[in-house]
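Down below is the structure, laid out as structure tokens.
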Amino acid sequence: MSEHTETPGSEQPLEDRVNNRSQKPTSKAFKDFMASQWAPAPEQAPEPDAVAPYAARRRRALSERFAGERLVVPAGPLKVRSNDTDYRFRPHSAFAHLTGLGLDHEPEAVLVLEPTDPGAGDDGGNHEATLYFHPLAGRDSEEFYANARNGEFWIGARPTLAELDARLGIRTSDLNALEVAITKDAGAVEFGGLRIRLVRDVDLNCDALVDTSRINTGVDLEISDGLDGELAEALSELRLVKDAWEIEQMRLSVAATVNGFHEVVKVLPRAIAHDRGERVVEGAFFARAREEGNDLGYDTIAAAGNNATVLHWIRNTGAVVPGDLLLLDAGVEADSLYTADVTRTLPISGQFSDIQRKIYQAVLDAADAAFAVAKPGNRFRDLHKAAVEVLARRLDEWGLLPVSLEEALSEEGQHHRRWMPHGTSHHLGLDVHDCAQAKRDLYLDGVLEEGMVFTIEPGLYFKAEDLSVPEEYRGIGVRIEDDVLITAHGCESLSAALPRSPEEVESWMRGIYAAEGE
Ligand code: GLY
Ligand code: MN
Ligand code: MN
């Protein structure tokens, strides 16, 4: 009998019952044996990560903005998927950006930027950065073999303090020093206390630590909320322009995504033969995402036929039927956590029908109009205006607008948006919808700058149930989405390797089908 079954069932705390399925040896002989005869760990410190100097510059930029204040940026905890089974860990994007840590690193870690005298901090800045995390426990510890969430026997080796210090060039400290690090000397600024700013809603423990400290030292919680919000905003805005390392990562994620689209075309015959062909498509792309990257950047939209008119169709339970279109919106997230976000709409038979081609060409022309204004000096909002004007004109030519083109295009009209109700572009990076907390002045109304990366993704969606259009349009959804880098004088489509015009798409699909048939 194990120690756990000795307690009568009704008196055993519920949280302990997860252990009732197995027996754990507890003898001293077992513990001593488990702690012995393991080969020593390598002594050599790892090389610095290539991202380290870039992440240092990002921390330095943040330090400029918040001199004299303690900044707390959590990675977040593991998230439960079901009972005691967690999702694979993904750190919060602000944490990944400031540390350079990507896949799998580091649950419950917290980056603290501690204020120094002005200019006396890291790289001449106003702060010293320390990364607090739970380091790898030795093989002589019980954690090694008895802790399913952290133990090396269960989940593999995790970094030591020295390892992450060497890789990132950031001081490291055990998580058990975090509470003091966050709360010491904190308090109301007007009474000589130190101000804390926290990235909230990422780690409830950090929220509680900071809130308790604020309450205990008489800091106004509502005002602090606003100050925390400014930190989130600044972190979002820091990511509006990508550095050279980030752009390289985006190229990697787009290249893997292009490979994923090739795989999907290869499996289309199998998808057609399956009653849930959309899942075959989803699975083929996912295999590439896991082989070449960390994961998907977002759930794949594999939408055939009328499902293509559902903007975020991720149920993917439908059939893939020749004669219909398949809208595939998918992106691989690289190990660095930067993601692509690409859409192609493919004729399942390999050839567009006349009406499909007509709608596809309108969307393509709208995308090209947005590309034409994607250059430094223009505004982000110009992208959408250019794309939507093309679509409205085309809808007018087809006789679908219930009012004149002028009236539709006016603020009071906007009838064309019935068939294109989403935005044309969003910033892209660590988050698929990147920089989401940036001020409107810098986002929608912002001026395009070299190094920005965003999508151009117009679409037209005519639902099967849409009685406002002739029957031939119904059940057709088309979106074309590319990932765009603003360069010194214009832009570069990062996803240009993927066929885009109707003729390119048809010939690409023919080529793959022919190669597969050989
Ligand atoms: N895949 C979501 C989007 O295109 O924004
Ligand atoms: Mn998108
Ligand atoms: Mn997309």
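Counting starts at 1 for both ligands and their atoms, following the listed order.
Of all atoms in ligand 1, listed by their number and element, those nearer than 4.0 Å to a heavy atom of E481 are 4 (O). The contact set between ligand 1 and Y298, taken as ligand atoms under 4.0 Å from a residue heavy atom, comprises 1 (N).
A heavy-atom distance below 4.5 Å is found between the side chains of F454 and L448. By the 4.5 Å heavy-atom criterion applied to side chains, E407 and E412 are not counted as neighbours. Taking 4.5 Å as the limit, some side-chain heavy atom of P159 sits within range of a side-chain heavy atom of F133.
Ranking protein heavy atoms by distance to atom 5 (O) of ligand 1, first place goes to H433 NE2, 2.7 Å. Atom 3 (C) of ligand 1 has its closest protein heavy atom at D341 OD2, 3.4 Å. From the protein, the heavy atom lying nearest to atom 4 (O) of ligand 1 is E457 OE1, 3.0 Å.
For the pair OD1 of D341 and OE1 of E481, the angle whose vertex sits at the Mn ion (ligand 3) is 90° to 10 degrees.
Taking a 4.0 Å cut-off on heavy atoms, D329 registers as neighbouring ligand 1. For H422, the heavy-atom gap to ligand 1 stays at 4.0 angstrom or more.
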Evaluate Y473 against W419 for ring-ring contact (aromatic ring centres under 6.0 Å, His included), listing each step before the verdict. CA-CA 11 Å; Y473 289 87; W419 301 289; 8.8 Å; no
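No other N/O/S atom of E457 lies as close to the Mn ion (ligand 2) as OE2 does.
The Mn ion (ligand 2) lies under 2.8 Å from an N, O or S atom belonging to H426.
Salt-bridge formation is detected for the pair R500/D482: a Lys NZ or Arg NE/NH1/NH2 atom is positioned less than 4.0 Å from an Asp or Glu carboxylate oxygen. Ionic pairing of E389 and K385 is present here: one or more N-O contacts between side-chain nitrogen and carboxylate oxygen are shorter than 4.0 angstrom. Of the charged side-chain nitrogens involved, none lies within less than 4.0 Å of a carboxylate oxygen, so that R60 and D123 do not count as a salt-bridged pair.
Among the atoms of H426, some N or O lies under 3.5 angstrom from an N or O of ligand 1.
Aromatic pair H427/F380: ring centres closer than 6.0 Å.
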